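Hydrogens, waters and symmetry mates play no part in the numbers below; they use all other heavy atoms, side chains included. We name chains A, B, ... by the order of the sequence lines, and we start the count at 1 in each one. Bear in mind the structure is a predicted one, so any value in this text is a computation, not a measurement.
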Amino acid sequence: MDILKQISENLRGGNDKKVLEFTKLAIEQKIPPKDILDDGLIAGMDTVGKLFKAHEIFLPDVLLAAKAMYSGMDELKPILIREGIPTIGKVVIGTIQGDLHDIGKNLVGIMLKGAGFEVIDLGNDVSPEKFVERAKKENAKVIGMSALLTTTMQGMRKVIDLLNERGLSGEIKTIIGGAPVSEEFAREIGADAYGYDAASAVDRVKKLTREK
Amino acid sequence: MRPIVKFLDNELLERIVSEARDVLCKLGVEIHNRGILSMLGDYGAKVDMHRNHALFTDEIIDRTLKSAPGSFKLYDVLGNETHDFIGYNVYFTPGSAALNILDYKTRKIRKPTTMDYIKYTEVVSGLENIASQSTAFIPADVNENISDSYRLYLSLLCCKKPVVTGAFSVEAFNIMKDLQLAVRGTREKLAAKPLTIYSCCPTSPLKWSDVTSQNLVDCALHSIPVEYVSMPLAGFMAPVTLVGTLVQHTAETLSGLAISQLTNPGTPILYGGSPAIFDVRYETTPMGAVETQMIDCAYNEIGKHFGLPTQAYISLSDSKRLDTQAGLESSMGATLAVLAGVNNISGPGMLDFENCQSLEKLVVDNEICGMTLRLIKGIEPREDFPALPRFEELLKEKHLLISEHTLRYLREEQYFPGPVIDRANRARWREEGALTLFKRAHREVKRLVKEYEPSRLPGEVKRELKKLMEGEARRYGMDSLPSRDL
């Protein structure tokens, strides 16, 4: 079996040690780092995503695969940076101001990282200014906002308004999620996407980053 | 701790048994079978051949209770053990002998055909919480004289699970026995590894017809397990009280036990039944009524008191559609049955009292069964003590989704139902087509049919089964069987 296939299959099985071992081997054998990323690590995570959707594997399996993905990525990232190869994108995430609930947001973060995104997690109780400024500074493609309370979800609108005010709305896309949030609400406040769970959030973020 | 539900205290239970003995010994039982009456007479029963009547004795009852085995095992067509009817082990089997099926496309009840039956065997093959097949409904496209044996033939041919069945006539026993012999090879092998259970039903009150009582004898002679299916109707053909109905059920069941055990001491049996209350508003026998289910659980306690394995028709519904009523009655029954420890639980798939099978309901019920089977595993510590390290891990890692402890126990602690049970959030449910339960169930039926793998029964056995069945069909004027190429 070729090395990239070994990476992707071990990633599917959540074997972080093997993924690291084969990523190192691939680097040693001078396989182009972009191929290691796309045809090894990301290919493996794509399979994991499909299996998860089909209920063939469960969330812990996805997270183990994500963990294995990090182990490969940690090895590969310095080379990607050195060679000027961009990752698939940076995403700034956080729970909206006034809201301390971060379980859903954390899960989205893990899954995004597992899918190959660079994730900047601002934590919870994040102000609109902080979301926008950090996203601009990091050159992030997407801001992901989470809320659990109907009282705090309105804060998401403020982030989008602020992006509009600063002329960043086309450049930085927004995705929202959380128990009280819906597709309708996303449309109403002008968010670019809505993720109904962590896996769908990853799908939507991928779509948003491809749109650019 | 395995959770258990009980309805009778010892004093009440013993009083019911004692009153049932009184009924058997002082009022007796009507048995329309001279051979059985003679046999009972040989063992000391006071027999009146003209009235087809026998007064039992305590000696007969004690003797038969002593010889009846406290457990037995069941094996699939390939000879693998599938059931161990002992203690509080529980197994589900589809409700049997429905006259109709619920057609998914038309949403109407209709007479089933051979193709429906084959599809049923394919579905039941893939249902992991349904341990056996039953001859669930009666194909209407064959001569009625072979409709009982034909069901068994299709079942043995298509699905490897053991079969809960029954004969509609004395003559049918022979071909049904021969079909089983074709699978096992010899009479001794069939006795050593039972493949079927025959339901044998007395007629309430306190009566055995020639056919059903002869079936008891024939099964006993071949050590084929039987389940007694006494059906007292509380308030109609039995006292209106649950206790009174239990007295009658006990008497009728003990009379069946006597016939089996005197014929062949040690022959395997299930202390079963299908009693019900009688709904005096609709003149019906609601199987989903809570009182019906209480009677079932209580007679199961009496069976366990005798040290016998048990059976009940309990996880089924009176509803005509796969609706909320169907779900609530079936799940209430299944839950009570597993908690009571009914060893062979009959009912999944059944609607309209015991008249209509639905493949869609069967796959839904499979999930109900799965949940109840989880229920009785109870709550057990699994490396939970001391608790501190786990919580230290939780606080450090912020979640336990990929903790070793989670990975080790996730599938033991949690039952994961199939796609029939909707646990998606609303947005995902909508995205996946906003399917109703009936549609999800039908999709699952289609998947199971598509993924069905034919039974690994050897080709020569299949050919022998076919030869036997074709011979039987010819006896009743059918030149060929309607089945597809099996």
**Item:** Over 12 non-hydrogen atoms of neighbours within 6.0 angstrom of NZ in A/Lys18
**Value:** no

**Message:** Quick check: do A/Ile103 and B/His399 have side-chain heavy atoms less than 4.5 Å from each other?
**Reply:** no

**Prompt:** Within a reach of under 6.0 Å around NZ of B/Lys320, are more than 12 heavy atoms found that belong to other residues, nucleotides or ligands?
**Reply:** yes

**Asked** Would you say B/Arg408 has more than 12 foreign heavy atoms packed within less than 6.0 Å of its CZ?
**Response** yes

**Prompt:** More than 12 foreign heavy atoms under 6.0 Å from CD of B/Glu392: is that the case here?
**Reply:** yes

**Heavy-atom proximity to chain A below 4.5 Å, by part of B/Arg426** = neither

**Request:** Report, by ascending residue number, the residues of residues 44-58 of chain A in heavy-atom contact with chain B at a distance under 4.5 Å; give 'none' if the set is empty.
**Result:** A/Lys53, A/His55, A/Phe58

**Fill in**
Taken to the nearest 0.5 Å, the spacing of B/Leu401 CG from A/Ile110 CD1 works out to 7.0 Å

**Prompt:** Does a sphere of radius 6.0 Å around CG in B/Leu395 hold more than 12 heavy atoms from other residues, nucleotides or ligands, not counting ones at 6.0 Å or beyond?
**Reply:** yes

**Asked** With a cut-off of 6.0 Å (strictly less than), are more than 12 heavy atoms of other residues, nucleotides or ligands near CZ of B/Arg107?
**Response** yes

**Request:** Measure distances from B/Leu410 to the heavy atoms of chain A and classify the residue's part below 4.5 Å as side chain, backbone, both or neither.
**Result:** side chain

**Message:** Is it the case that over 12 heavy atoms from other parts of the model lie below 6.0 angstrom from the NZ atom of A/Lys206?
**Reply:** yes

**Message:** Tell me whether the count of non-hydrogen atoms from other residues, nucleotides or ligands lying under 6.0 Å of CZ in B/Phe416 goes above 12.
**Reply:** yes

**Prompt:** What residues of residues 174-197 of chain A sit under 4.5 Å from chain B when you count only heavy atoms?
**Reply:** A/Glu184, A/Tyr194, A/Tyr196, A/Asp197

**Message:** For A/Leu59, which atoms come within 4.5 Å of any heavy atom of chain B: side chain, backbone, both, or neither?
**Reply:** side chain

**Nearest heavy atoms of B/Leu407 and A/Pro60, plus distance in Å** = CD2-CB, 3.7 Å

